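All values reported here derive from a predicted model rather than from experimental measurement. Order of the sequence lines sets the chain letters (A, B, ...), proteins ahead of strands, with each chain counted from 1.
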2 protein chains.
Amino acid sequence: MSPYDPSAFPPFAVTVDLVVLTVRRHALCALVVRRGEQPFQGRWALPGGFVREDEDLGAAARRELAEETGLCAHDAGTPPAETSGAHLEQLATYGAPGRDPRMRVVSVAHLALAPDLPAPRPGGDANSARWAPVEELLEPEGAPPHSDEQQTPLAFDHGRILADGVERARSKIEYSSLATAFCPPEFTVGELRRVYEGVWGVALDPRNFHRKVTGTPGFLVPSGGTTTRQGGRPAQLFRAGGATLLNPPMLRPEV
Amino acid sequence: MSPYDPSAFPPFAVTVDLVVLTVRRHALCALVVRRGEQPFQGRWALPGGFVREDEDLGAAARRELAEETGLCAHDAGTPPAETSGAHLEQLATYGAPGRDPRMRVVSVAHLALAPDLPAPRPGGDANSARWAPVEELLEPEGAPPHSDEQQTPLAFDHGRILADGVERARSKIEYSSLATAFCPPEFTVGELRRVYEGVWGVALDPRNFHRKVTGTPGFLVPSGGTTTRQGGRPAQLFRAGGATLLNPPMLRPEV
DNA sequence: GCAAAAGTGTTGTCCGTACACCCATGC
DNA sequence: GCATGGGTGTACGGACAACACTTTTGC
């Protein structure tokens with residue numbers, strides 16, 4: 001048989017789903033949209049949509065991200081754009097046969113890291129969107145398996161996808177400069193520290209953190225200005241430097 | 001419009017492609033099969049095939065791996081099986097519109113790490129298979145963009161997929177115990193060191209390596225036996241321990 | 001003055017590196 | 001004996017944690 005005989009393989013629908021993370025009020029939050037139709041009508045879900053004909057997977061993810069947030073994301077490989085660009089990278093692909101009860105759908109999940117935006121801009125076919133702390137969205141670890149049905153607030157297998165995205169973000173800021181993607185173009189060392197603290201859910205020593213990030217070549221470049229928007233003594237403003245890998249990495253405290 | 005109207009999305013073919021790596025004669029090698037048909041007839045390609053109806057992505061990858069190598073792989077999440085199991089994990093998904101000239105194909109690439117097998121067992125629809133050193137398969141970095149057409153020996157975008165898989169393997173053995181997946185069930189510290197040296201392409205200090213791996217709790221458990229199969233003084237035999245994360249990590253020497 | 005946040009200095013400790021040195025086998 | 005690989009001891013240095021301490025603002 002020819003392996004490309006059109007009758008020899010089943011057709012799939014291919015979608016992209018987005019795990020869009022930000023840090024708000026010292027907590028890691030994810031963008032979720034309310035489903036307006038069956039199945040899981042009224043439940044929260046990750047934003048996403050179908051990949052179009054003649055559209056690459058990354059392009060579909062960027063399009064969905066722009067529709068939902070207005071953010072202009074740049075690819076992980078390209079040099080950081082000067083726009084208010086979020087970080088976007090492919091996360092993983094989910095294609096279990098029963099994950100959508102209606103048809104066979106393979107979803108290529110992407111992970112986006114965004115600065116704290118003023119407000120979610122609902123767009124596309126979602127009738128509402130919000131930033132929700134990830135603790136509210138993820139299933140509790142120690143929940144008994146026979147708990148009541150609404151064990152996860154997210155539709156489909158989006159709880160699992162979100163958990164994978166959060167885990168990726170938590171580990172990746174450890175050895176890369178990705179944490180700056182959570183910050184506005186100019187930020188202080190304290191603001192960057194609060195990003196790490198929010199993503200990891202821990203407290204870091206401000207003095208050692210300051211020495212660490214300012215001492216890593218290429219991580220931060222001073223922009224010249226200062227700010228007192230966090231109160232206290234004026235703090236230097238920085239931009240993200242060109243370095244993408246942190247060596248030695250930022251050490252996450254033991255659990 | 002309903003986003004699930006069957007006429008509202010284009011149908012895709014979904015395949016799994018495998019990056020199967022092993023260490024042979026101190027070199028990192030990948031399993032490739034020769035294509036028997038157009039396009040890229042006669043060129044080498046990564047093994048792979050269509051995902052079946054009602055088949056999960058990981059199940060399709062395990063099936064393809066078994067067909068090509070006879071290996072019984074276990075999932076990344078499950079505890080290590082006692083069989084001669086290889087490591088298998090999802091790598092990334094490739095779906096550029098033109099990557100297959102005949103149709104729109106989305107390929108979910110997987111990464112498998114296998115011990116040095118006696119010989120490749122060609123199976124399925126490939127008429128020949130071999131282990132090839134990855135340096136021969138990857139495009140040279142400094143090649144001029146206007147070099148002659150056969151710049152990469154691999155079909156489709158498999159050169160890129162292989163490069164991503166090699167990069168994943170190289171970085172992952174740094175902070176996990178995955179290097180043991182390249183070893184037979186019982187192995188010596190020296191054999192494990194040769195795995196690291198082959199994957200990274202560097203030389204490691206045998207004394208410090210020994211102290212490091214035997215001093216990391218849960219990484220190696222002595223099996224009681226010894227061997228002289230590498231010559232010299234008899235070496236203790238070990239099995240892989242239960243630990244999956246290496247903390248502190250194995251440090252890769254600077255490039 | 002007082003609180004709050006930004007920075008700097010110092011010290012002990014852990015860990016990686018480099019290298020000297022000894023051990024046990026095959027030939 | 002000698003080559004080969006296995007395994008231990010030890011000294012040096014870099015980096016991190018845990019502080020004490022000073023600086024500069026708003027109120």
Rounded distance in Å - [atom1] ([X]) to [atom2] ([N]):
{"X": "B:Glu174", "N": "C:dG16", "atom1": "CD", "atom2": "C1'", "result": "14 Å"}
{"X": "A:Asp205", "N": "D:dA20", "atom1": "CG", "atom2": "P", "result": "11 Å"}
{"X": "A:Met250", "N": "D:dC16", "atom1": "CE", "atom2": "C1'", "result": "12 Å"}
{"X": "B:Leu204", "N": "D:dG5", "atom1": "CG", "atom2": "P", "result": "16 Å"}
{"X": "A:Asn247", "N": "D:dG14", "atom1": "CG", "atom2": "C1'", "result": "13 Å"}
{"X": "B:Gln230", "N": "C:dG26", "atom1": "CD", "atom2": "C1'", "result": "14 Å"}
{"X": "A:Leu237", "N": "C:dA5", "atom1": "CG", "atom2": "C1'", "result": "14 Å"}
{"X": "A:Leu192", "N": "C:dA5", "atom1": "CG", "atom2": "C1'", "result": "16 Å"}

| field | Donor/acceptor link under 3.5 angstrom from A:Arg233 side chain onto base of C:dA6 | value | yes
| request: Assess whether one donor atom and one acceptor atom, taken from the side chain of B:Arg193 and the base of D:dG6, lie less than 3.5 Å apart. | output: no
Considering only side-chain heavy atoms of [X], which listed nucleotide, [options], is closest?
{"X": "A:Asn208", "options": "C:dT17, C:dG7, D:dC19", "value": "D:dC19"}
{"X": "B:Arg211", "options": "D:dA15, D:dG9, C:dA5", "value": "D:dG9"}
{"X": "A:Pro234", "options": "D:dT25, C:dG16, D:dT10", "value": "D:dT25"}

State, to 0.1 Å, how close [X] and [Y] come at their nearest heavy-atom pair, and which atoms those are.
{"X": "A:Leu91", "Y": "A:Leu111", "result": "CB-N, 4.1 Å"}
{"X": "B:Pro222", "Y": "B:Gln236", "result": "CB-NE2, 3.6 Å"}
{"X": "B:Leu113", "Y": "B:Ala169", "result": "CD2-CB, 4.3 Å"}

Check whether any side-chain nitrogen or oxygen of [X] sits under 4.0 Å from OP1 or OP2 of [N], and answer yes or no.
{"X": "B:Lys212", "N": "C:dG16", "result": "yes"}
{"X": "B:Arg207", "N": "C:dA20", "result": "no"}
{"X": "B:His210", "N": "D:dG6", "result": "no"}

| Lys NZ or Arg CZ of A:Arg130 over A:Trp44 ring: under 6.0 Å, within 45° | yes
| message | Applying a 4.0 Å non-hydrogen cut-off, can you work out what B:Pro206 is touching in the nucleic acid: base, sugar-phosphate, or nothing? | response | nothing
| task | Tell me what B:Arg194 touches on the nucleic acid: a base, only sugar-phosphate, or nothing, going by heavy atoms under 4.0 Å. | result | sugar-phosphate
| message | Can you tell whether the side chains of B:Arg160 and B:Asp164 come within less than 4.0 Å, N to carboxylate O? | response | yes
| query | Mapping B:Leu251 and B:Gly232 to their closest nucleotides on DNA chain C, which lands nearer the 5' end? | reply | B:Leu251
